[in-house]
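All remarks here apply to the structure that follows.
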2 protein chains.
Amino acid sequence: MSALDDTDFAILRLLAEDAGQGAGAIGRACGLSQPAAWRRIKRLRDAGIVGGQRLVLDAEALGFGVTVFLGVKLATKGRVSLEDFERAVSAIPEVQTVEHVLGLYDYRLRVVARDLPDFERVLRRRIMTLPGAGEVEANVLLSEERRPGPLGGRH
Amino acid sequence: MSALDDTDFAILRLLAEDAGQGAGAIGRACGLSQPAAWRRIKRLRDAGIVGGQRLVLDAEALGFGVTVFLGVKLATKGRVSLEDFERAVSAIPEVQTVEHVLGLYDYRLRVVARDLPDFERVLRRRIMTLPGAGEVEANVLLSEERRPGPLGGRH
DNA sequence: GCTGAAACTCATTACGT
DNA sequence: ACGTAATGAGTTTCAGC
């Protein structure tokens, strides 16, 4: 796995802003010919640095106006309870992200709902009934900003 | 804003798995001609339901083996302190996500670092010095599962 | 690495059902 | 709202420099 140079980071930064553009546009933007840019992008893909590309869906436009982050503390921790919990939580469609974490909580969930009454339904009928779920903490999303993360700059 | 039908949700589900495929592949997968699929995708874009497509970068392959979620409670809350905090936190390259939330904490941050010593450096020199930052809670990411979210099924 | 040029796919429009 | 057909642009691959 050879090290990435500045051009690779420039490509990643360009693709992080808009993954829709092709090798031609990338090449023009960083002074590379189209095949050269295409080869570098393929190398980044093959190396597993670029995992894929996901859609950015507007939850609000889809009718889901409420996003809540839940911190979940398990009541009983063990091999089995972790797997049971993960399997059960994966079956809830309103759960967008399941993060197994270390710290004050055991799991962090990102949950969407149409509105607050709908969220209460999800919380009472889906989340609180999860196997092994103990303490639950909630944070309602007001606004969100996503950034590319550290890509090549000096820190 | 006309309602979405099952075919639209099928398209969103296909694109949520891999946003890289074009209208032709989408059409083949759900029994539509290429222009028909293309028109529906364009309609979803124009309606703002599809915001764009982002790269999925493997942080570990980029040398960032540690991901930490921080819950931040502001010491002083007010119009100015929110803006100051957001501006300052946006200047930290290691911060991937800034979520303004309602609840026990005021902000949730997703932070990446090369390793735990590197994270301690970010925490002490970047996070703890943020203007107005009060209590900080941390959760280290062990594993993560992302799911498309509720797309059209009956709930 | 680049250029050039195939072959192929895709995006986009036009037209008819 | 769909399909077929057609066009132009972009992508991918393979040469040779």
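The shown structure was predicted, so the numbers you read here are calculated from the model rather than taken from an experiment. In what follows, chains are A, B, ... by sequence order, proteins preceding strands, each numbered from 1.
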| request: Quickly work out the B:D8 CG to D:dC2 P distance and round it to whole Å. | output: 8 Å
| request: Please say whether the positively charged group of B:R110, taken as NZ for Lys or CZ for Arg, lies over the ring of B:F69, i.e. under 6.0 angstrom from the six-membered ring centre and within 45 degrees of the axis. | output: no
| Close approaches to DNA chain C from residues 32-39 of chain B, in residue order (heavy atom, under 4.0 Å) | B:Q34, B:P35, B:W38
| Looking at side-chain heavy atoms only, is the closest gap between A:L12 and A:I49 below 4.5 Å? | yes
| query | What distance separates B:T67 OG1 from B:L142 CG, expressed to the nearest 0.5 Å? | reply | 10.5 Å
| said: Using modelled atom types and a 3.5 Å cut-off, is there a donor and acceptor pairing between side-chain atoms of B:D46 and backbone atoms of B:R43? | reply: no
| remark: note: B:L44, atom CG; C:dA11, atom P; distance rounded to Å ~ 14 Å
| query | D:dG3 C1' sits how many Å from B:R40 CZ, rounded? | reply | 14 Å
| query | Should we say atom CD of B:E60 is surrounded by more than 12 heavy atoms from elsewhere, each under 6.0 Å from it? | reply | no
| message | Regarding A:D118 and A:R121, does a basic nitrogen lie under 4.0 Å from an acidic carboxylate oxygen? | response | yes
| query | Any idea which heavy atoms bring A:A23 and A:A37 closest together, and the distance? | reply | O-CB, 3.6 Å
| request: Taking the side chain as every heavy atom from C-beta outward, state whether B:V98 and B:L109 have any pair of such atoms under 4.5 Å apart. | output: yes
| query | Rounded to the nearest Å, what distance is computed from the CG atom of residue B:D46 to the C1' atom of nucleotide C:dT12? | reply | 13 Å
| Base, sugar-phosphate alone, or nothing: which one does B:R28 contact when heavy atoms must sit under 4.0 Å apart? | sugar-phosphate
| Would you call A:E99-A:R108 a salt bridge at under 4.0 Å N-O? | no
| Between B:I41 (CD1) and D:dA1 (P), how many Å, whole number? | 15 Å
| task | Measure from CD on A:Q21 to C1' on C:dA11 and round the result to the nearest Å. | result | 16 Å
| query | B:I26 has an atom CD1; how far is it from atom P of C:dC10, in whole Å? | reply | 11 Å
| message | Tell me the interatomic distance from A:D18, atom CG, to D:dG10, atom P, rounded to whole angstroms. | response | 15 Å
| said: Using a 4.0 Å cut-off on heavy atoms, which residues in residues 49-58 of chain B reach DNA chain C? List them by number, or say none. | reply: none
